[in-house]
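Take a look at the structure set out below.
Because the structure is a prediction, the values reported are computed rather than measured.
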Amino acid sequence: MQRRHILLGGAALVASLSAPLLLRAQGAWSGAPLRVGDQRGNARAVMDAAGVLKGLEGKIAWSEFPAAAPLVEALNADAIDAGLVGDAPFTFGVAAGVPIKAIAATRQNQDGLAILVPKDSPIQSLADLKGKRIATGRGSIGHQLVLAALENAGLPAESVQLTFLLPADAKAAFSRGSVDAWSTWEPYVAQEEVLSGARRVVDGNGITPGLSFLVARESAIASRRPELADFVRRLAVARAWANENIPGYARSWSQLMNIPEPVAELWFRRARTRVVPIDDSVVADEQKNIDLYTRARLVRSAIKAEDVLDRSFADAIKAGLSAT
């Protein structure tokens with residue numbers, strides 16, 4: 001994905017970083033490019049807009065994926081070193097034996113994780129979805145939301161019919177009425193709300209932790225630690241910058257993605273996505289996710305969150321946050 005637009009203020013951000021920080025970072029990058037998997041409009045977009053990729057030309061080999069599941073497959077195949085995924089795909093990947101660990105987390109408000117219905121649908125609540133067809137991605141954060149919402153309401157997982165589709169196919173099925181609801185994430189939620197008047201009957205607030213992870217192959221953690229540390233530091237800077245420059249970033253992102261600006265601004269204002277270190281709270285929330293999937297019999301092996309989350313990049317994240 002080529003950079004097409006630069007946010008006003010991106011250069012100012014780079015200038016605001018301390019010179020020693022940038023010099024240390026530049027020295028960390030050596031050898032072959034770090035192979036990073038991303039989903040369009042995610043990490044690369046915000047880092048590019050914020051200006052924190054300056055000086056890294058040719059040092060990161062980006063690969064773009066339509067969803068997290070194929071990104072995790074690429075990690076398993078050693079096609080990439082690291083990538084950004086939601087907590088659900090990460091958990092399923094670990095359960096399947098993919099040799100990865102999470103080295104940083106992101107948290108965001110959960111208004112933009114939701115089960116949507118068309119504006120004229122008679123469905124008004126989760127209970128109304130009994131027996132209905134819900135599109136979502138297998139092993140996605142949308143899948144997690146359905147499971148968690150049903151459990152929270154005391155309803156069995158069999159109460160609804162899940163139709164597993166990638167986002168583009170799920171959107172098409174939702175638009176033509178082939179499914180009754182769509183459990184999805186941003187920017188799809190904001191896009192459907194703004195452009196077609198779709199309604200949220202359930203969102204993730206109070207139901208799911210709202211975690212995503214930067215995950216890396218264990219071999220990359222061992223051999224590319226300086227580059228990974230610098231990458232998470234820059235990502236932390238970029239996310240903090242975006243939260244302070246929402247209108248401008250929404251304008252840049254909407255042009256990049258060819259999606260109306262109000263969609264981007266709605267998403268960014270309510271999400272407030274921020275990078276956080278792996279700490280006790282992240283470990284506890286990820287264990288809740290693992291336990292949810294275990295109860296739903298989607299994860300059959302015993303997994304301890306502490307064993308698959310790597311706390312050793314906390315200082316790099318804190319350095320990035322202190323630089324903003």
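Remark: the backbone N or O of Leu53 is not paired with any side-chain donor or acceptor of Arg234 at under 3.5 angstrom. Using modelled atom types, one side-chain atom of Asn245 and one backbone atom of Trp241 make a donor-acceptor pair closer than 3.5 Å. Not a single donor-acceptor pair under 3.5 Å links the side chain of Asn109 to the backbone N or O of Asp111. Side-chain atoms of Glu64 never come within 3.5 Å of backbone atoms of Arg40 as a donor-acceptor pair (strictly under, hydrogens ignored). Listed for the Arg199 side chain is a donor-acceptor partner under 3.5 Å among the backbone atoms of Ser121. Proximity of a side-chain donor or acceptor of Ser322 to a complementary backbone N or O of Ala319 within less than 3.5 Å is detected. Side-chain N or O atoms of Trp253 include one that pairs as donor or acceptor with a backbone N or O of Gly41 at under 3.5 Å. Although no hydrogens or angles enter the test, the distance criterion places a donor-acceptor pair under 3.5 Å between the side chain of Asp128 and the main chain of Ser125.
In this structure, the side chains of Arg225 and Ser312 come closer than 4.5 Å at one or more pairs of heavy atoms. Side chains of Val189 and Leu116 form a contact here, defined as non-hydrogen atoms less than 4.5 Å apart. Side chains of Val201 and Leu126 form no contact here, defined as non-hydrogen atoms less than 4.5 Å apart. Counting heavy atoms from C-beta on, the side chains of Asp78 and Arg217 come closer than 4.5 Å. Inter-residue side-chain proximity for Ser30 and Glu227 is flagged as met; some heavy-atom pair is nearer than 4.5 Å. At a threshold of 4.5 Å between non-hydrogen side-chain atoms, the residues Leu235 and Met47 count as touching. In this structure, the side chains of Phe65 and Asn42 stay at 4.5 Å or more apart for every pair of heavy atoms. Counting only heavy atoms from C-beta outward, the side chains of Pro260 and Leu195 approach each other to under 4.5 Å.
The aromatic rings of Trp182 and Tyr188 lie tilted to each other, with the angle between the two planes from 30° to 60°. Ring geometry, Tyr293 versus Phe92: the interplanar angle falls from 30° to 60°, so the pair is classed tilted. Taking the six-membered ring where the residue is Trp, Phe231 and Trp62 present tilted rings, their angle falling between 30° and 60°.
Among all heavy-atom pairs drawn from Phe174 and Val117, the shortest one is CZ-C, 3.6 Å. Nearest approach of Ala314 to Pro277, heavy atoms of both residues: CB-CB, 3.8 Å. The minimum heavy-atom distance between Pro247 and Arg269, with the atom names listed, is CG-NH2, 3.5 Å.
A side chain to side chain donor-acceptor pair (under 3.5 Å) check over residues 147-166, counting only residues at least two apart or in different chains, returns the pairs Glu151-Arg295.
Under the 4.5 Å side-chain contact rule for hydrophobic residues, Val160 and Ile141 share a cluster.
Checked against side chain to side chain donor-acceptor pair (under 3.5 Å), Asn289 has the following partners two or more places apart in sequence or in another chain: Asp87, Gln144, Glu286.
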Please list every donor-acceptor pair under 3.5 Å in which a side-chain atom of residues 93-107 meets a protein atom from a residue at least two apart or in another chain.
from	atom 1	to	atom 2	distance (Å)
Arg107	NH1	Asp285	OD2	3.0
Arg107	NH2	Ser281	OG	3.4
Arg107	NH2	Asp285	OD2	2.9

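Residue Leu71 holds its CG atom at 8.0 Å from CG of Asp38, rounded to the nearest 0.5 Å. Leu145 CG to Asp203 CG: the interatomic distance, rounded to the nearest 0.5 Å, is 8.0 Å.
Annotation: Arg274, atom CZ; neighbour count of heavy atoms from other residues, nucleotides and ligands within 6.0 Å is above 12.
With respect to the salt-bridge test (charged N to carboxylate O, under 4.0 angstrom), the residues Glu186 and Arg270 qualify.
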